[in-house]
Every structure is written in C-alpha cells, then in structure tokens.
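Sequential numbering from 1 along the given sequence is applied to the chain's residues. In this text the structure is predicted, and so the values were computed from the model without any measurement.
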Amino acid sequence: MLAHSAVRALSANSRAFSSSVARQTKVAVLGAGGGIGQPLSLLLKTDPLVTSLSLYDIRGAPGVAADVSHVDAHSEVNGYPADKLDEALDGVQVVVIPAGVPRKPGMTRDDLFNTNASIVRDLAAAIGRVAPTAHILVISNPVNSTVPIVASTLQKAGVYNPARLFGVTTLDVVRAARFTAGIAGVKPADTPITVVGGHSGATIVPLLSQNAHGKAITGDIYKALVHRIQFGGDEVVKAKDGAGSATLSMAYAGAKFTNSLLRGLNGEKGVITPTFVESPLYKDQGIDFFSSNVELGVNGVEKIYPLGPLSAEEEKLMEACLPELKKNIEKGKAFVESS
C-alpha cells in the first residue's frame, strides 16, 4: 500500500500513456543496495514507464532485486553482484547513480569527495564502454563535482553527449516546495519553486520571488527559509544522529526526476524541471555546468531556460553561488585529469 501511494505523485502523468505508446525502457540503478538505492529501486519498480529494472551494487543488489521483484508492478527486475557491472548495464536506456558513501554528522559534501569521486569515475567508464548512449542521472554527492567527473570520463572515452547527462537536484526543489508551503499555509502543489545553481550549501539558490506565496515571505523568515532549503541535508543528518543522511527523501526526489525524464523520452511535451546540466548560462564566467529549468524530451535535454527576473536578495545569493560552484566543477574536472 505504501509503495503505491508514495509513487502516485510520480506516475500520475505517465498513466496517460497506453502500453502501445510507451516504449520499452530499461533502467539501471548503480548503488541499489544502499540507503538511497533500496527505496529508489522500490519506487522505480512501481513506475509504469519502467519496463525493466537492473539493480547493481558491490554488495546486496541480488537480495534487493529479489525483494523488490515481488511488488505487483509489471516491470522485470534483475540483480547483479560486484563482478557483473557490464551485464547490469547491457541494453539500458537510463542509468541512475546513487552509489557512494553517505554523509555522517560533521561531514560536508566535500569530505565525501575522494571516495565518491573514484566510485563515480569508474562507473562512468563502464557506462561509456557498455552503454554509451544511455541517459545518466547522477545522485552521488558532491553533485557539483561528480557530474563534471562523469562528463570528463565520457569525454576521454569519446562518447560524451551533454544532452544525456543530468545531476539530480530535485531534492532541493522538493524541499523548497514543502518548506514554503508550510510557511504559507498552503499545499506544496501551490508552491512550485525553481531552484537554480548547484546542489550544496550556498550554491543552492531558490527563486522564491517567482512564486506568489514565496514572494510574500520576507525578512528573517525569508532568510531562515533560504538557509533551510540550502542546508536541509544537515537537518536530516543531525536528526539521524550518525545513522544516515537524507536517503528516503532523496530516493523520492530521484524517482521523481527519473519519471520526468522517462515522460520526456516517451514524447510527452512540456516536461520542465530544474536539473544540473552542461549549460550555456554562465559559460562566459567559466562555469560549464549549472542547474536551471530544463525541458526534457526524446533527446534528453531539449531546452535550457534562462533564470528570469531575480529579486535583490536572489542576486546576492547568485553572487555567493557562482564562485563556489566554479570551484566545485573545476575540482571534478581536475580529478579526472589527474587520474
């Protein structure tokens, strides 16, 4: 019951497609045995646009696959152990990467860098070799650096297509809608907030002024709301007291973005959501990747939207975001160049 109700928000739009229209879509989850990977696999199993689910991890994936396969959704599920990565990637159209170590109390996303950077680089190399045309969705933190790592690794292999690489920043969007709605006393559906920039701390810039309810929030309440959106992950890490990070909400956000991409790949028009992609918006400042509203379609990235009008507060947030984001991106690129 829980799985079906949890996925209802993800798949409501996809039900408009008949089985004769929806294409066969094989999705791989790399890191399926982890705190994000397990609930993400469950949610993807219940997404009607997923016809085949391929679960991989260095440990535990076959067990997760056996468990999830009992859910009464039509998709097939297969699990693969550590030495079967190539088999897990065979024939996939979409690869979701939540692999890596989670944050612990006191850790920043940068603290995760060395471990997760190596994991993501190696997975990207395998994707480039086995499934070079797959759409790649990066959840592994720090996203501001891991997305450039994937791009640089695929470039080395000669198979990089910027329209097929996405950093999943959807949790920032989900939090912004939820937290704004709580202050305004309305439903989150009434507070869709575009969140731009990157996916950590000061690089997260919620454009509250572009929503009527968000625009009405000012002063100290506004500052507290922005801080909570930017550092919501710390709130969860602290509350879990060393037992984990934001795994369940991240799994939900990952499944929500995957569903948006699948709808776009299926030909649905007007699927627009923020995501961290190679972008022209700030390339003149040496920032090759940026999150803003992106229209998803049959080719992946169809259109990258400009930010639109910003308030004075948002202009200040952008001033703090850009140099930090540039540093994060360069760190990811440098890691691949030196490895």
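Salt bridge E324/K327: present, at least one basic N to carboxylate O contact under 4.0 Å. The existence of a salt bridge linking E295 and K269 is excluded, since no basic side-chain nitrogen approaches an acidic carboxylate oxygen closer than 4.0 Å.
More than 12 heavy atoms of other residues, nucleotides or ligands sit less than 6.0 Å from atom NZ of K283.
Ring geometry for F290 versus Y282: interplanar angle of 30 to 60°, hence tilted.
A side-chain donor from one of T203 and N144 sits under 3.5 Å from a side-chain acceptor of the other. Using modelled atom types and a 3.5 Å distance limit, the side chains of N211 and T191 yield no donor-acceptor pair. No side-chain N or O of T273 forms a donor-acceptor pair with one of S260 less than 3.5 Å apart.
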Original post:
How far apart are the C-alpha atoms of V50 and T25, what are their side-chain angles, what is the distance that settles it, and do they pass the side-chain contact (heavy atoms from CB on, under 4.5 Å) test?
Top reply: CA-CA 5 Å; V50 177; T25 307; 5.8 Å; no
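When hydrophobic clusters are built by joining Ile, Leu, Val, Met, Phe, Trp and Tyr residues whose side-chain heavy atoms come closer than 4.5 Å, directly or via intermediates, I221 is grouped together with I229.
When every heavy atom of L248 is checked against every heavy atom of P39, the shortest pair comes out as CD2-CG, 3.9 Å. Here the shortest heavy-atom pairing between L307 and S292 reads CD1-CB, 4.2 Å.
Tested against F289, the residues V143, L325, V147, N328 include a single side chain to side chain contact (heavy atoms under 4.5 Å, CB included) partner, V147.
In the hydrophobic clustering, I272 connects to Y305, either directly or through intervening members, whenever side-chain heavy atoms lie under 4.5 Å apart.
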